[in-house]
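Worksheet for the structure shown next.
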2 protein chains.
Amino acid sequence: MIQGKGQNARPTMVDVANAAGVSKSTVSRAFSQPEMLGTETVSRILEIASSIGYVPNHTARALSTGRYGNVALVVPDVTNPFFPPLIRAAQMSADLADYCVFLGNSDESWRQEDKLLDRFVGQVDGLLLVASRLSEERIHGHAARKPTVLINRDVRGIPRVLIDSGQGVQEAIAHLAALGHKRIVYVSGPSTSWSNQQRRNAVRQGARDFHLHVDIVAARVASYESGRAVVPTILATGASAAIAFDDVTAHGIMTGMADLGVSVPSSFSVIGCDDVLGAATYPSLTTVSTRSDEAGHAAMSLLLDLLNSRSVGDARITLDTHLVVRGTTSAPPRR
Amino acid sequence: MIQGKGQNARPTMVDVANAAGVSKSTVSRAFSQPEMLGTETVSRILEIASSIGYVPNHTARALSTGRYGNVALVVPDVTNPFFPPLIRAAQMSADLADYCVFLGNSDESWRQEDKLLDRFVGQVDGLLLVASRLSEERIHGHAARKPTVLINRDVRGIPRVLIDSGQGVQEAIAHLAALGHKRIVYVSGPSTSWSNQQRRNAVRQGARDFHLHVDIVAARVASYESGRAVVPTILATGASAAIAFDDVTAHGIMTGMADLGVSVPSSFSVIGCDDVLGAATYPSLTTVSTRSDEAGHAAMSLLLDLLNSRSVGDARITLDTHLVVRGTTSAPPRR
DNA sequence: TCTTGACGTGCAACCGGTTGCATAGAATAG
DNA sequence: CTATTCTATGCAACCGGTTGCACGTCAAGA
């Protein structure tokens, strides 16, 4: 666009340069490499710049340097309470390094995720994919274009932060076993979810260690309603306790139990995962705490490190989890 | 950066131009103004472009056109359940128009909000501020630079989408009055929040209409914990029902009541606002439903309209609310 | 005193597109 | 058959920065 600059046009470097009686280059360096210039030159330029309201143009800088100062953050579903704390933490980490973050919501669809990433790729330095629903091939494809960090997705060769439910689930099962439970169920979440697979396996392993019988009951999706709906199936197994894929599902299960007149925890114990509801259920939920905010913070830091020193490597950070015992677990009813 | 292009450099327009035996301009027009060119020229160029994997450079285009294809979305707190549905809806609306969205979390601080906006301003076409904590002056300042739309903030001259709690709160009070309540309390939220002021006034007005006595009890912030903590104060007023600033606070109140052995709803009725918890509390919460997702959608659509046709005007869209009666309200206890 | 080097600054090319204007050839009018 | 209007395309300037290299100056070393 060839445009005469109106009176409200933002000042540019040449405006500053003219006002200061120096060249465009010098102004540029005053901002990006001040140590290259004379001390008083720098201060004079900065002063003049701020006096006429000059602000460097992000886009122009990006074009010539190829560095955008932006990162993309893509999650499957913003409205799932697991993600907001993570988003907030990632956001703040990026913020401290003066990065802006694009948010994408894939709506649990790999096509949507793919489309968003294609849109973002031209204006970001790096990607942060949370619980990606993409195939490994496509993840590798995107990672080949831009530095990429994954959360809760274990792809060899791509830096990743994994919330390891193993420890927490182990504790949960030990807790149930100590209370005297013999038969439990695991209420699974989305089959494409890495976390779900990991938790399911951890439950199986833990049950083996403590000699408990475990049934797997599938909730179609991770939601309050599907937890509530699956209660009859849970009870049909004859179990006295359930570990749910996540807190939201666990919460639904609690309500479903109440609907059927089964009291929690005296008649049935419930354990969630993620600790996103805090103590907000009644009774408050015993759960495996996963600190999604720590994951967000760790992953963003990792990504930013990557962007500074291209020391890629095959980072694989795992975050421990632990059981938080609250009010939804007790000894099984005698019969 | 003066760089020889490595073998993995993305192809540019000139690459396409050379391959097609035309000039750079022609390739440009094949993408942005195809009707200006010969039909077969366009198709040939597009074909060659895709065959060598050419993708237009978003940043370069932005630099010369001054249009970025991005919008900024700033909220006070991603982790407050009111916002994620709104974010999701805004995101999807932007997505349909091929816009990317920057997300900012102001952490309830106007300084942070200001800082984020300054960072965003250089690479967005418009701003969407949700429940902004900025002063009117600063809002006007930012709005002068970029087309701006507000949600739940009523600033004259700036297009805004307001969730009007009036109707819903009126219904809530009618509901309580019909049940026989005489004395109620309003548990307020953040004092800087427009929604809080609006709801407080609506409660006062409604109470006047139905001849109820209303006390205002201040929760320091809108959170589960502060709702829980304020329960003794609520009970001290002698009221038999409470309307809380939002669902999260209401939920806290429910727990606080249970802590003190006051049963909801038989001994005390509770009504929330926002309907973000769905039926997820127990008993399920009677609340004023505000459809934050609709607000997100409406506001983003408004902003995008603004960006296309600078028909600014002083749009002021209000969204109705209504009461959803669930399980936390009943007749007051007899004494 | 002359060379040498460090230091501070300017010149101009470059990043990858967009677009006003010019122009050549074809189509239509006179 | 020439004058006029379109149409399709190219040229080159421009968006607002960054940066390799050249140049001039001044001080230290020979």
Side-chain angles (χ1 to χ4, degrees), chain A residues 1-6 8-46 48-49 52-70 121-123 125, chain B residues 1-6 8-46 48-49 52-70 121-123 125:
Chain A
M1 190 190 312
I2 313 284
Q3 60 186 5
K5 41 182 67 183
N8 58 1
R10 315 262 306 229
T12 75
M13 268 193 170
V14 298
D15 297 325
V16 179
N18 291 338
V22 296
S23 78
K24 202 169 62 155
S25 333
T26 303
V27 178
S28 172
R29 290 192 256 258
F31 282 90
S32 40
Q33 303 157 49
E35 71 284 357
M36 218 178 134
L37 264 41
T39 324
E40 90 298 343
T41 310
V42 172
S43 57
R44 184 164 49 93
I45 290 178
L46 292 183
I48 292 181
I52 68 175
Y54 167 76
V55 177
N57 181 315
H58 200 104
T59 305
R61 167 151 30 206
L63 182 58
S64 60
T65 60
R67 308 191 55 221
Y68 299 89
N70 302 326
V121 70
Q123 38 185 348
D125 297 318
Chain B
M1 189 194 314
I2 313 282
Q3 59 185 3
K5 39 182 68 183
N8 58 1
R10 313 264 306 229
T12 75
M13 270 194 167
V14 298
D15 297 324
V16 178
N18 292 339
V22 297
S23 78
K24 204 170 61 154
S25 333
T26 303
V27 178
S28 172
R29 290 193 256 257
F31 282 90
S32 40
Q33 304 157 45
E35 71 285 356
M36 222 180 129
L37 264 42
T39 324
E40 91 297 342
T41 310
V42 172
S43 57
R44 184 163 52 92
I45 290 178
L46 293 183
I48 291 181
I52 68 176
Y54 167 75
V55 177
N57 181 313
H58 199 105
T59 306
R61 165 148 36 205
L63 182 58
S64 59
T65 60
R67 308 191 54 222
Y68 298 90
N70 302 325
V121 70
Q123 39 185 348
D125 297 317

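On a predicted model such as this, the values are computed, not experimentally measured, just so you know. Every chain is numbered from 1 and lettered A, B, ... according to where its sequence line falls, protein lines coming before strand lines.
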Mapping A:E40 and B:V55 to their closest nucleotides on DNA chain C, which lands nearer the 5' end? A:E40
Taking side chain as C-beta onward, heavy atoms only, is A:I52 less than 4.5 Å from A:D15? yes
For the side chain of B:S32, starting at C-beta, report the closest nucleotide among C:dT18, D:dT18, C:dG17. C:dT18
Exam field: side chain B:S28 to backbone B:K24, donor-acceptor pair closer than 3.5 Å: no
Is a donor-acceptor pair below 3.5 Å formed from side chain B:K24 to base C:dG17, judging by atom type as modelled? yes
On DNA chain D, nearest-nucleotide positions of A:P56 versus B:L37: which is more 5'? B:L37
side-chain N/O B:S25 vs D:dG10 OP1/OP2, d < 4.0 Å: no
Touch check for B:Y54, heavy atoms < 4.0 angstrom, all strands: base, sugar-phosphate only, or nothing? sugar-phosphate
A:L63 CG to D:dT19 C1', straight-line distance once rounded to whole Å: 14 Å
Rounded to the nearest Å, what distance is computed from the CG atom of residue B:D15 to the C1' atom of nucleotide C:dG16? 11 Å
Of A:M36 and A:M13, whose nearest nucleotide on DNA chain D comes first from the 5' end? A:M13
Taking NE2 from B:H58 and P from C:dT18, how many angstroms apart are they, rounded to a whole number? 11 Å
Give one of base, sugar-phosphate or nothing for A:V22, where a contact means two heavy atoms less than 4.0 Å apart. sugar-phosphate
Expressed in angstrom and rounded to an integer, what is the separation of B:Y68 atom OH from C:dG17 atom P? 17 Å
Is there a donor-acceptor pair under 3.5 Å between the side chain of B:R44 and the backbone N or O of B:A20? yes
Answer whether the closest heavy-atom distance between the side chains of A:P34 and A:R29 falls below 4.5 Å. no
Can you find a donor-acceptor pair, distance only, under 3.5 Å between B:R29 side chain and C:dG17 base? no
Under-4.0 Å side-chain N/O to phosphate OP1/OP2 contact, A:S64 with D:dG17: no
Looking only at side-chain N and O atoms, does A:T41 come under 4.0 Å of OP1 or OP2 in C:dT9? yes
Between the side chain of B:D125 and the main-chain N/O of B:Y68, is any donor-acceptor distance below 3.5 Å? yes
B:S23 vs D:dT9: side-chain N/O to OP1/OP2 distance below 4.0 Å: no
Rounded to whole Å, how long is the line connecting atom CZ of B:R67 with atom P of D:dC15? 19 Å
Distance, rounded to the nearest Å, where A:R61 contributes CZ and D:dT19 contributes P: 9 Å
To the nearest Å, how far apart are B:N57 CG and C:dT18 C1'? 13 Å
Minimum side-chain heavy-atom gap A:T41-A:I45 below 4.5 Å: yes
Rounded interatomic separation in angstrom, taking CZ from B:R10 and P from C:dG17: 10 Å
D:dG17 OP1/OP2 closer than 4.0 Å to side-chain N/O of A:S28: no
